[in-house]
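Single-structure report; data block below.
Chain identifiers are assigned alphabetically (A, B, ...) following the order of the sequence lines, protein sequences preceding nucleic acid strands; residue numbering begins at 1 within each chain.
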There are 2 protein chains.
Amino acid sequence: MMKPDVYAANCPTRQILDRVGDKWAVLILLLLREEPMRFNQLRRTIEGISQKMLSQVLKSLERDGLIKRRAIATVPVTVEYSITQLGITLAAAVDPLRDWAEQNLKDVLAAQRRYDAQLKDEAA
Amino acid sequence: MMKPDVYAANCPTRQILDRVGDKWAVLILLLLREEPMRFNQLRRTIEGISQKMLSQVLKSLERDGLIKRRAIATVPVTVEYSITQLGITLAAAVDPLRDWAEQNLKDVLAAQRRYDAQLKDEAA
DNA sequence: CGGGATCCGCTGTGATACTG
DNA sequence: CAGTATCACAGCGGATCCCG
């Protein structure tokens with residue numbers, strides 16, 4: 001039932017969690033699941049990401065086989081990023097988390113307020 | 001079907017993803033789902049975490065209402081951490097991700113090797 | 001035992017400028 | 001358009017010491 005290796009240092013889960021934890025990676029994955037997109041298109045859609053980060057994250061997602069890069073020889077060059085089959089399955093595994101977030105954020109925020117109020121009381 | 005706010009800067013999902021992405025948070029959550037634990041017990045089990053980080057993560061997990069801290073007035077003091085109901089549901093949402101990791105890590109690693117080999121070829 | 005406080009190095013990240 | 005290169009900086013996280 002339990003999976004002990006989760007608590008070791010180099011378990012698969014840890015590596016994937018790092019990926020998912022990446023501030024932008026999942027965002028991009030979910031975007032590309034909807035439709036393929038070009039570099040600046042992603043940049044404009046995501047809003048807040050620097051072009052350095054975008055380029056970096058795209059590269060690492062491609063390296064992991066989660067997205068695919070296709071350069072089209074137009075002038076100027078066009079590059080289209082799309083999700084892979086592997087990426088689609090990962091995105092699917094992320095969905096429960098997204099649903100959880102939407103359903104429970106309110107409770108989390110409430111807990112935070114309670115905790116902070118508690119601290120202020122003790123300080124006084 | 002699609003949930004557009006996921007791509008905005010301050011969506012719930014982003015906040016939860018940050019939590020899940022935390023290197024230690026999920027690990028601790030999964031541990032405490034198995035059984036309540038004390039501070040140094042966690043420290044020894046996780047191996048690699050500094051006491052500063054552990055204390056910090058525990059505090060933020062408690063603040064989010066995901067775990068619960070109970071101090072027992074023995075000498076010396078005993079403190080027991082346990083998961084909350086909310087924490088249990090989050091852990092459940094993480095399970096698909098853990099399963100995905102175990103099933104697909106091999107593919108990811110293979111993709112990385114292919115990508116790296118490709119780069120080396122182009123360099124030559 | 002269960003932490004808090006401090007110092008400090010490293011790297012992740014952003015801004016800017018440049019290129020094919 | 002789709003990036004790369006360089007620099008400069010903040011903050012994360014580790015190590016250490018200390019306390020109730």
Side-chain angles (χ1 to χ4, degrees), chain A residues 9-10 14-15 17-28 31-32 35-64 67-82 115-116 118-120 122-123, chain B residues 9-10 14-15 17-28 31-32 35-63 67-82 115 118-120 122-123:
Chain A
N10 278 14
R14 186 82 67 99
Q15 299 185 45
L17 249 32
D18 278 358
R19 250 252 93 69
V20 171
D22 185 291
K23 191 177 180 183
W24 306 110
V26 170
L27 213 61
I28 292 174
L31 262 177
L32 293 182
E35 55 175 343
M37 278 187 152
R38 288 171 308 128
F39 189 87
N40 279 329
Q41 197 178 356
L42 281 165
R43 193 144 116 79
R44 270 176 273 113
T45 306
I46 293 182
E47 176 190 359
I49 193 171
S50 70
Q51 129 271 48
K52 176 183 175 181
M53 275 300 98
L54 180 54
S55 145
Q56 194 172 302
V57 175
L58 285 173
K59 210 178 295 183
S60 78
L61 282 172
E62 190 197 357
R63 187 171 111 99
D64 288 356
I67 68 172
K68 187 167 59 229
R69 196 190 106 114
R70 188 167 66 102
I72 307 166
T74 52
V75 181
V77 184
T78 303
V79 178
E80 190 191 72
Y81 290 94
S82 55
Y115 185 92
D116 294 346
Q118 183 72 16
L119 276 192
K120 232 176 57 182
E122 289 171 13
Chain B
N10 280 14
R14 186 84 64 97
Q15 299 185 46
L17 249 32
D18 279 358
R19 253 241 142 299
V20 172
D22 185 291
K23 189 177 181 183
W24 306 110
V26 170
L27 214 60
I28 293 176
L31 263 177
L32 293 181
E35 56 176 342
M37 280 187 149
R38 287 173 307 126
F39 191 86
N40 280 330
Q41 197 178 357
L42 281 166
R43 194 144 118 79
R44 269 176 276 112
T45 306
I46 294 184
E47 177 189 358
I49 193 170
S50 69
Q51 141 269 42
K52 177 184 175 180
M53 276 300 98
L54 179 55
S55 143
Q56 193 172 302
V57 176
L58 285 172
K59 210 179 297 184
S60 77
L61 282 172
E62 190 197 356
R63 187 171 110 99
I67 69 172
K68 186 166 58 227
R69 196 189 107 114
R70 187 168 67 104
I72 307 167
T74 53
V75 180
V77 184
T78 304
V79 178
E80 190 190 71
Y81 291 93
S82 55
Y115 184 93
Q118 183 72 17
L119 277 192
K120 231 175 58 181
E122 289 171 11

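Of all heavy-atom pairs spanning L31(A) and L42(A), the tightest one is CD1-CD2, 4.0 Å. Of all heavy-atom pairs spanning V26(A) and V20(A), the tightest one is CG2-O, 3.3 Å.
Looking at heavy atoms from C-beta onward, W24(B) lies out of side-chain contact with Q56(B) at the 4.5 angstrom threshold. Side-chain contact between K68(A) and Y81(A) is absent, with no heavy-atom pair separated by less than 4.5 Å. Contact of the R69(A) side chain with the L58(A) side chain is not registered, since no non-hydrogen atoms from C-beta on lie closer than 4.5 Å.
Remark: P of dG3(C) and CG of L61(B) are 13 Å apart, rounded to the nearest angstrom. Remark: P of dG12(C) and CG of D18(A) are 11 Å apart, rounded to the nearest angstrom. Distance, L54(A) CG to dC1(D) P: 13 Å, rounded to whole Å. Distance NZ (K59(A)) to P (dA2(D)): 15 Å, rounded to an integer number of Å. Atom CZ of R43(A) is separated from atom C1' of dT4(D) by 13 Å (rounded to the nearest Å). Taking atom CG of residue L58(A) and atom P of nucleotide dG3(D), one finds them 7 Å apart after rounding to whole Å. Between the CD atom of E80(B) and the C1' atom of dC1(C) there is a distance of 14 Å, given to the nearest Å.
The backbone N or O of A25(B) sits less than 3.5 Å from a side-chain atom of D22(B), completing a donor-acceptor pair. A donor-acceptor pair under 3.5 Å is formed between the side chain of T45(A) and the backbone N or O of Q41(A).
Ionic pairing of E80(A) and R70(A) is present here: one or more N-O contacts between side-chain nitrogen and carboxylate oxygen are shorter than 4.0 angstrom.
Listed nucleotides: dC1(C), dG3(C), dA2(D). Nearest to the side chain of N40(B): dC1(C).
Heavy atoms of R69(B) sit under 4.0 angstrom from primed sugar atoms or phosphate atoms, though from no base atom.
Contact check, S55(A) against dT4(D): a side-chain N or O comes under 4.0 Å of OP1 or OP2. Listed pair Y81(B) / dC1(C) fails the phosphate criterion, with no side-chain N or O lying under 4.0 Å from OP1 or OP2.
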I would like to know whether R19(A) and D64(A) meet salt bridge (Lys or Arg N to Asp or Glu O under 4.0 Å); could you show each step before the answer?
CA-CA 10 Å; R19(A) 250 252 93 69; D64(A) 288 356; 2.6 Å; yes

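Axis angle, first five pairs versus last five pairs of the helix from dC1(C)-dG20(D) to dG20(C)-dC1(D): 50°, rounded to 10°.
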Would you mind building the protein contact string for nucleotides 5-20 of chain D? One character per nucleotide, 5' to 3', B for base within reach (heavy atoms under 4.0 Å), S for sugar-phosphate only, - for untouched.
--------BBBB----

